[in-house]
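To start, the structure itself, in structure tokens.
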Protein chains: 2
Amino acid sequence: MAEQWLAGIDVGGTTIKMAFVSMEGEIIQKWEIPTDVSEGGKHITTHISSSLKHTLKTLGKEEGVLKGIGLGAPGFIEMKTGFIHQAVNIGWKDYPLKDELEKETGLTVTVENDANMAAIGEMWKGAGNGESDLLCVTLGTGVGGGIISNGQIVHGVNGMAGEIGHITSITEGGAACNCGKTGCIETIASATGIARIAAVGMENHRDSSLYDIWKESKTLTAKDVAVEAEKGDAYAAQVLDEITFHLGLVVANLSNAINPGMIVIGGGVSSAGETLLRPLRTHFEKFALPRVAQGAQFAIATLGNDAGVIGGAWLAKQSIK
Amino acid sequence: MAEQWLAGIDVGGTTIKMAFVSMEGEIIQKWEIPTDVSEGGKHITTHISSSLKHTLKTLGKEEGVLKGIGLGAPGFIEMKTGFIHQAVNIGWKDYPLKDELEKETGLTVTVENDANMAAIGEMWKGAGNGESDLLCVTLGTGVGGGIISNGQIVHGVNGMAGEIGHITSITEGGAACNCGKTGCIETIASATGIARIAAVGMENHRDSSLYDIWKESKTLTAKDVAVEAEKGDAYAAQVLDEITFHLGLVVANLSNAINPGMIVIGGGVSSAGETLLRPLRTHFEKFALPRVAQGAQFAIATLGNDAGVIGGAWLAKQSIK
């Protein structure tokens, strides 16, 4: 059979990650182009189309080798039609992205929320290992997520599914969240939340190795907390315990409802690896039903920044089946 | 086209509810037979098969009119194979229910968890109104649930999905739950939980109309609480407010993750109707993201005891498509 390639495209506010991916999910070539947010993002589809064609040519391939495109973008997206209600960082507003990119390329385009697309990537080729009931939790500046049930992304009635970051973990007296509520898990388990919680108790823990970092710059990062906890600092471990108590509760509560076979933890905070997973599992098991806990394996995301484009390729593959 | 009927069967510990249902989901005939739990439930499939044939004959129909069977049972079920790991109330243990009933009847049988089957019934012909992203919460002796995403029941990796009753709402100092954990929403929002919570504060609320019921028998029911709250009793309303705070939190947290278009409240407690839904919506809206709250309509289950057999018919219909 003639060679068939898929394109995965991950549109961010600064750069657009692009890749050619094989039908088996292996990256053949990956590159980035800058995101041109001028004039409401109207030039983006032209740039994507030109860049795809140019790169194919550079690789000595006919255009016909490319069979479909899967694209992820941030914002409110109507997945079925590929219509973007609003993508603030890009400039798109009431924009028929799927139609425009299909016109430019002559290929079938599937549009997806970028967090969901990364979850699909992890399901297909990353830590998810093909598991068709999957929960992805991304711990970065914020807390995001993606849920896969019966092998399909859960979008919900208006594309809001997976907003795990805004599950309330502290019902009264929690920190203010960007969403307008208080006590969301994003205020606790994001990189920002971890740094904030560690800083709050700093003056009362001058014996902690975190204090040496703190006193210099009055700044702590989630990474500082993880590194010092790993080295054996008691206060840093206590902070991680508090954070994983809340994250374990949220993930267990959700797991009692959707019973995932795999829980993939991604984002910058996940680089803490077992230092994070160990207390997380302990708290999770307190709140999950025994059979639910039994079924759920924890794993750190493995694809990093490639999760999006690989997920995009999976979507493209589905669309041409 | 020749007439086509579906059979929906809802197996409980005492009775088996059976119905012939049209392809459009209308009940043609419904009846019950006792559940014979003797000898590990081995006679049940024979009884079901005979009863189906006998009832068809009584109605003057050929056996060929019946096209498929959907059956719900309590317990741990492997949905794909229709294998029952254990159904304590029935007596089945490591029992190939689907295979046995298919042998008896010569028809395709789909086996489902009974709570999920009721959720499907509500989705198809009840309060769910065809909505393909649906959350069903059953408030009875316990708290059960069913989740439908993308028009499909969410089973999870080992059939435990929908165990909404065991989502933790009180992390410390909550009441003991039958599952072995504490603070599960089942200990609060079940009929049993509501009665317990009302009784706890009774001696400090002697002016409440609930006290008149309480002093006679030292017993309260969830229905007493709903009735007196509806009549304007302040303490009863306060109890309902406490209960719906927790239920609203749990349902909102779950909704932020799965973004349902409809939330159907069923079970005995749901007969309280608007007296329950009014405070529930208020608390829900505090914890749900605005767009999630916008998308989610609340409704009281409308099919009552028929939800199971109608859901069974839907499953049967899918299997013969």
Side-chain angles (χ1 to χ4, degrees), chain A residues 76 85 131-135 145-171 177 179-185 245-246 249-250 252-262 283 286-297, chain B residues 76 85 131-135 145-171 177 179-185 245-246 249-250 252-262 283 286-297:
Chain A
F76 292 138
H85 290 288
E131 176 60 54
S132 60
D133 292 279
L134 190 75
L135 171 59
I147 298 171
I148 293 170
S149 281
N150 299 313
Q152 282 190 293
I153 273 284
V154 176
H155 290 120
V157 68
N158 51 16
M160 290 291 284
E163 287 290 349
I164 295 166
H166 302 291
I167 289 179
T168 304
S169 181
I170 298 178
T171 53
C177 185
C179 76
K181 303 195 296 140
T182 62
C184 296
I185 189 66
F245 169 88
H246 288 286
L249 171 69
V250 163
N253 279 348
L254 196 47
S255 297
N256 287 334
I258 64 166
N259 185 208
M262 181 78 83
H283 291 298
K286 271 196 310 223
F287 297 117
L289 286 169
R291 246 177 90 87
V292 168
Q294 242 172 52
Q297 213 180 317
Chain B
F76 292 137
H85 289 288
E131 176 60 54
S132 61
D133 292 279
L134 190 74
L135 171 59
I147 297 172
I148 293 170
S149 280
N150 300 314
Q152 281 189 294
I153 273 283
V154 176
H155 290 121
V157 69
N158 51 15
M160 290 291 283
E163 287 290 349
I164 294 166
H166 302 290
I167 290 179
T168 304
S169 181
I170 298 178
T171 52
C177 185
C179 75
K181 302 194 298 140
T182 61
C184 296
I185 189 66
F245 169 88
H246 289 286
L249 172 68
V250 163
N253 279 348
L254 196 47
S255 297
N256 287 335
I258 63 165
N259 186 208
M262 180 79 81
H283 291 298
K286 268 195 310 223
F287 296 117
L289 286 169
R291 244 177 91 88
V292 168
Q294 241 173 53
Q297 213 179 317

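Any value given below was found using the heavy atoms of this structure, including those in side chains, with hydrogens, waters and symmetry copies removed. Naming: A, B, ... by sequence-line order, numbering from 1 per chain.
Within the 4.5 Å cutoff, no side-chain heavy atoms of A/Ser169 are placed close to those of A/Cys184. Side-chain contact between B/Ile148 and B/Leu135 is absent, with no heavy-atom pair separated by less than 4.5 Å. Counting heavy atoms from C-beta outward, B/Pro260 and A/Val157 have side chains that stay 4.5 Å or more apart. A 4.5 Å side-chain heavy-atom check between B/Thr168 and A/Leu249 finds at least one atom pair inside the cut-off.
Interface residue B/Ile153: only backbone heavy atoms are found under 4.5 Å from chain A. For B/Ala296, no part sits under 4.5 Å from any heavy atom of chain A, backbone or side chain. Contacts between B/Ser149 and chain A at a heavy-atom distance below 4.5 Å involve the side chain alone, from C-beta outward. At a 4.5 Å heavy-atom cutoff, the contact between B/Asn253 and chain A is made by backbone and side-chain atoms alike.
By number of non-hydrogen pairs under 4.5 angstrom with chain A, the leading residue of B/Thr182, B/Ile185, B/Val250, B/Ile147 is B/Ile147. If you tally non-hydrogen atom pairs under 4.5 Å between each of A/Lys286, A/Met160, A/Lys181 and chain B, the highest count goes to A/Met160. Interface summary for chain B: among A/Asn256, A/Val154, A/Asp133, A/Asn150, the most heavy-atom pairs under 4.5 angstrom belong to A/Asn256. Here B/Thr171 is the residue among B/Thr171, B/Leu254, B/Val292 with the most heavy-atom pairs under 4.5 Å with chain A. Heavy-atom pairs under 4.5 Å with chain B peak, among A/Arg291, A/Glu163, A/His166, at A/Arg291.
More than 12 non-hydrogen atoms from other residues, nucleotides or ligands lie less than 6.0 angstrom from CD of B/Gln152.
Pairing each heavy atom of B/Ala288 with each of B/Ala252, the nearest pair is N-CB, 3.6 Å.
Put simply, CG on A/Asn259 and CG on B/Asn158 are 4.5 Å apart, with the number rounded to the nearest 0.5 Å.
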